[in-house]
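Contents: one structure, followed by commentary.
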Amino acid sequence: MSAAAPSPLSVVGTEPLERQGEVLTDAALTFLAELHHRFTPRRDELLARRAEIARTGTLDFLPETARIRDDPDWRVAPAPPALEDRRVEITGPTDRKMTINALNSGAKVWLADFEDASAPTWANVIGGQLNLIDAYERRIDFTSPEGKSYALRPAEELATVVARPRGWHLDERHLRTADGRAVPGALVDFGLYFFHNAHRLLAQGKGPYFYLPKTESHLEARLWNDVFVFAQDYTGVPQGTIRATVLIETITAAYEMDEILYELRDHASGLNAGRWDYLFSIIKNFRDAGPGFVLPDRNAVTMTAPFMRAYTELLVRTCHKRGAHAIGGMAAFIPSRRDPEVNAVAFDKVRADKDREANDGFDGSWVAHPDLVPVARASFDAVLGDRPHQKDRLREDVRVTAAELIDVASLDAKPTTHGLRNAVQVGIRYIEAWLRGLGAVAIFNLMEDAATAEISRSQIWQWVNAGVVFENGEKATAELVRKVAAEELAAIREELGEDAFAAGAWGQAHDLLLKVALDEDYTEFLTLPAYELLD
């Protein structure tokens, strides 16, 4: 172990939690302080660099890294056995019930989420770490208020955990240095999970595996790689033990996929093709670039849209060229226990989406609910058979230009009044749940997380600022948005009743949505002002 950190960390602004001391040991806090001291200054520089991206309506592959893209010989490290077969991955927060259900789900991987599916209350941050430790020690169980019991299946039937820490932009306000500086949430989530579980996982034949969210450049991937190298040295874990899958969910990262894998090559295991954060990133980066970048209703932008297809096919080609897994996007449908017809239609759509991914060359894909695991598995079983992946399918037929990745103007669909109302509905309902500590919320039979709230409020902002005219002749204005929001808030009040409405955070959610959707200055991340309101 390394020497003591240069400054101690203190827990501030919150009451101690039961068993908190099992996570925040002196040794763990010293490790976090060391991570903070070494890497937060570079994190700050890279966040400042993000703000310098020109919103000119164009992006291109980097000329200065052409040698990396053009070199045919380098590969990422071979996948460890526990990550060789990733044909179905389930995602979800790290609460106790979800931890058991996800591990038992039959999926090959569980994305244990400290990021978009988790509102970062102190109870969620610390409780999630405890739940994972308890799961590895097989001392976790759960009994619902209705009396239903949950317990882990045998070890060989459990999903492999891939933890997702918070993005670089979020701080953890409850952990501060002696001079009052908050530690980045990414380092807190990564550091606590790695420190407590790396040796434990190695003893079980697995390892500390991570999903890296909202990466915007290969320089941010390089920072993560340096964090990994230091952490492994500090704890006496062999180099290359950590494996990371990077979410390509920003438009800038789509132009640097080779470079991101290269920076992480000793620790990389794959890339993932997201959807909502990717669209959110396009709006954010090109919000001043003119009408050619105005997106239609979010549900009208499917993965078969030309610019989305360019992105996913380039991802598969890039991954397989470098020996990495290509992981597909989310099936967010939540099955209804009361409406089998809704389920039948939705399952057909999920099946078609997963068939497309498997046939395009993806090695696996995401689902949000255990009932979707067999649906996704069937699609990949049909293509993979007994093989763990299809990395040998190099997709050398794929040729994607820089312009094709941002060819938003080729979409035929246009924004609609229904899309505006849905964005308001989802925004208010999700933010209200988030403010109560819930990061993954079923809304209209879809699992919504922070990414879907981000695109909802960003689309409202974009449509108002672009002066979009809807199909009924109404223009997107701040006044129209406020009118729709007031109607939806009244409808929620009527739906819930006065007592339940008053017990929620509906007024705060309504006001915050309007702020981040209508302020003249675009807020980079909804979760930044929302975090200030979070208990």
Next on the checklist: Please determine whether ring pair (Phe, Tyr, Trp, His ring centres under 6.0 Å) holds for the pair Phe228 and Trp224, giving the CA-CA distance in whole Å, both sets of side-chain angles, and the decisive distance to 0.1 Å.
Outcome noted: CA-CA 6 Å; Phe228 296 161; Trp224 269 119; 5.7 Å; yes
Checklist entry - Is there a donor-acceptor pair closer than 3.5 Å between any side-chain N or O of Arg164 and the backbone N or O of Glu115? => result no
Next on the checklist: I'd like to know if the side chain of Asn104 pairs up with that of Arg153 as donor and acceptor (distance under 3.5 Å, no hydrogens or angles considered).
Outcome noted: no
Checklist entry - Between the side chain of Lys108 and the main-chain N/O of Asp85, is any donor-acceptor distance below 3.5 Å? => result no
Checklist entry - Should we say atom CG of Asp521 is surrounded by more than 12 heavy atoms from elsewhere, each under 6.0 Å from it? => result no
Checklist outcome for this item: Taking every heavy atom of Ala107 against every heavy atom of Val373, the minimum-distance pair comes out as N-CG1, 3.8 Å
Checklist entry - Within 45° of the six-membered ring axis of Phe380 and under 6.0 Å from that ring's centre, is NZ or CZ of Arg86 located there? => result no
Next on the checklist: Quick one, Arg429 with Glu432, criterion salt bridge (Lys or Arg N to Asp or Glu O under 4.0 Å). Give me CA distance, side-chain angles, the key distance, then yes/no.
Outcome noted: CA-CA 5 Å; Arg429 289 170 185 261; Glu432 192 277 335; over 6 Å; no
Checklist entry - Are any of the side-chain nitrogens in Glu45 or Arg49 under 4.0 Å away from the carboxylate oxygens of its partner? => result no
Checklist entry - Can you say whether the rings of Phe194 and Phe190 are parallel (under 30°), tilted (30 to 60°) or perpendicular (over 60°)? => result parallel
Next on the checklist: With no hydrogens and no angle check, just 3.5 Å: does a side-chain donor-acceptor pair link Gln239 and Asp233?
Outcome noted: yes
Item to check | Phe114 backbone acceptor or donor facing Ser118 side chain under 3.5 Å | outcome: no
Checklist entry - For Tyr150 and Thr143, what are the C-alpha separation, side-chain angles and deciding distance, and is it a side chain to side chain contact (heavy atoms under 4.5 Å, CB included)? => result CA-CA 6 Å; Tyr150 299 81; Thr143 302; over 6 Å; no
Checklist entry - Quick one: side-chain hydrogen bond (donor to acceptor under 3.5 Å, both in side chains) partners of Asp141, sequence neighbours excluded? => result none
Item to check | Pair Ser269, Thr245: side-chain N/O donor-acceptor within cut-off below 3.5 Å | outcome: yes
Checklist entry - Does Gln232 use its side chain to pair, donor to acceptor, with the backbone of Gly240 at less than 3.5 Å? => result yes
Next on the checklist: Please evaluate residues Asn272 and Glu249 with respect to the criterion side chain to side chain donor-acceptor pair (under 3.5 Å), reporting the C-alpha separation (whole Å), side-chain torsions for both, the decisive distance (0.1 Å), and the verdict.
Outcome noted: CA-CA 8 Å; Asn272 169 271; Glu249 56 185 355; over 6 Å; no
Next on the checklist: Regarding Arg166 and Glu172, does a basic nitrogen lie under 4.0 Å from an acidic carboxylate oxygen?
Outcome noted: yes
Checklist entry - Is there side-chain contact between Val183 and Arg176, with heavy atoms separated by less than 4.5 Å? => result no
Item to check | Geometric class of the Tyr136/Tyr193 ring pair [parallel <30°, tilted 30-60°, perpendicular >60°] | outcome: tilted
Next on the checklist: Quick one about Arg222 and Asn225 (side-chain donor to acceptor, distance below 3.5 Å, no hydrogens or angles considered), yes or no?
Outcome noted: no
Next on the checklist: Any heavy-atom pair between the side chains of Phe142 and Asn101 that's under 4.5 Å?
Outcome noted: no
Checklist entry - For Ser281 and Asn285, what are the C-alpha separation, side-chain angles and deciding distance, and is it a side chain to side chain donor-acceptor pair (under 3.5 Å)? => result CA-CA 6 Å; Ser281 174; Asn285 281 287; 3.2 Å; yes
Checklist entry - Should Leu111 and Ile90 count as side-chain neighbours, where that means a heavy-atom distance under 4.5 Å? => result no
Checklist entry - Are Arg42 and Phe39 in a cation-pi setup, meaning NZ or CZ lies under 6.0 angstrom from the ring centre and within 45 degrees of the ring axis? => result no
Item to check | Test item: Leu158 and Arg138 side chains (from C-beta on) under 4.5 Å apart, heavy atoms | outcome: yes
Next on the checklist: When you compare the side chains of Trp122 and Gln20, does any donor N or O come within less than 3.5 Å of an acceptor on the partner?
Outcome noted: yes
Checklist entry - Do Ser458 side-chain atoms and Phe280 backbone N/O form a donor-acceptor pair below 3.5 Å? => result no
Checklist entry - Just checking, is any N or O donor in the side chain of Glu256 or His218 under 3.5 Å from an acceptor N or O on the other one? => result yes
Item to check | Heavy-atom check, side chain of Val188 versus side chain of Leu35, under 4.5 Å | outcome: no
Checklist entry - Distance-only, no hydrogens or angles: does the Ser456 side chain make a donor-acceptor pair with backbone N or O of Thr452 under 3.5 Å? => result yes
Next on the checklist: Surrounding CD of Glu15 (heavy atoms of other residues, nucleotides or ligands, distance under 6.0 Å), is the total greater than 12?
Outcome noted: no
Checklist entry - Would you say the side-chain atoms of Asp116 pair up with the backbone N or O of Asp449, donor to acceptor, closer than 3.5 Å? => result no
Next on the checklist: If you compare all heavy atoms of Leu261 against all heavy atoms of Gly270, which two are closest, and at what distance to 0.1 Å?
Outcome noted: CD2-O, 4.3 Å
Checklist entry - Hey, is the main chain of Thr94 close enough, under 3.5 Å, to the side chain of Asn131 for a donor-acceptor pair? => result yes
Checklist entry - Which residues pass the ring pair (Phe, Tyr, Trp, His ring centres under 6.0 Å) test with His510, sequence neighbours left out? => result none
Checklist entry - Is it the case that Arg173 places NZ or CZ above or below the six-membered ring of Tyr531, under 6.0 angstrom from the centre and within 45 degrees of the axis? => result yes
Next on the checklist: Using a strict threshold of under 4.0 Å (side-chain N to carboxylate O), is an ion pair present between Arg298 and Glu448?
Outcome noted: yes
Item to check | Heavy-atom donor-acceptor pair, Thr523 side chain to Leu526 backbone, under 3.5 Å | outcome: no
Checklist entry - So with a 6.0 Å cut-off around CG of Asp535, is the heavy-atom count from everything else above 12? => result no
Next on the checklist: salt bridge (Lys or Arg N to Asp or Glu O under 4.0 Å) for Asp44 and Arg181? Distances and angles first, verdict last.
Outcome noted: CA-CA 12 Å; Asp44 295 345; Arg181 178 71 195 271; 3.0 Å; yes
Next on the checklist: By the definition side chain to side chain donor-acceptor pair (under 3.5 Å), identify the one residue from Arg43, Lys214, Arg50 that meets it with Glu220.
Outcome noted: Arg50
Next on the checklist: Is there a side-chain contact between Leu201 and Tyr209 in this structure, where contact means two heavy atoms from C-beta onward sitting under 4.5 Å apart?
Outcome noted: no
Checklist entry - For the residue pair His325 and His389, does the interplanar ring angle fall in the parallel (under 30°), tilted (30 to 60°) or perpendicular (over 60°) class? => result perpendicular
Next on the checklist: Can you classify the ring geometry of Tyr311 versus Tyr278 as parallel (below 30°), tilted (30 to 60°) or perpendicular (above 60°)?
Outcome noted: parallel
Next on the checklist: One thing to verify: whether Asp266 and Arg243 come together as a salt bridge, which I'm taking to mean a side-chain N less than 4.0 angstrom from a carboxylate O.
Outcome noted: no
Item to check | Basic-acidic side-chain contact under 4.0 Å: Asp363, Arg87 | outcome: no
Next on the checklist: Within 45 degrees of the ring normal and closer than 6.0 Å to the centroid, is that where the cationic atom of Lys354 sits relative to Phe362?
Outcome noted: no
Checklist entry - Are side-chain heavy atoms of Gln462 and Arg457 found at a separation under 4.5 Å? => result no
Checklist entry - Just by modelled atom types, is the Asp277 backbone N or O under 3.5 Å from a matching donor or acceptor in the Glu454 side chain? => result no
Checklist entry - So do Val246 and Tyr211 actually touch side chain to side chain, heavy atoms under 4.5 Å? => result no
Next on the checklist: Side chains of Glu216 and His169: any donor to acceptor distance under 3.5 Å?
Outcome noted: no
Next on the checklist: Would you say that more than 12 heavy atoms from the other residues, nucleotides or ligands in this model lie under 6.0 Å from the NZ of Lys206, or not?
Outcome noted: yes
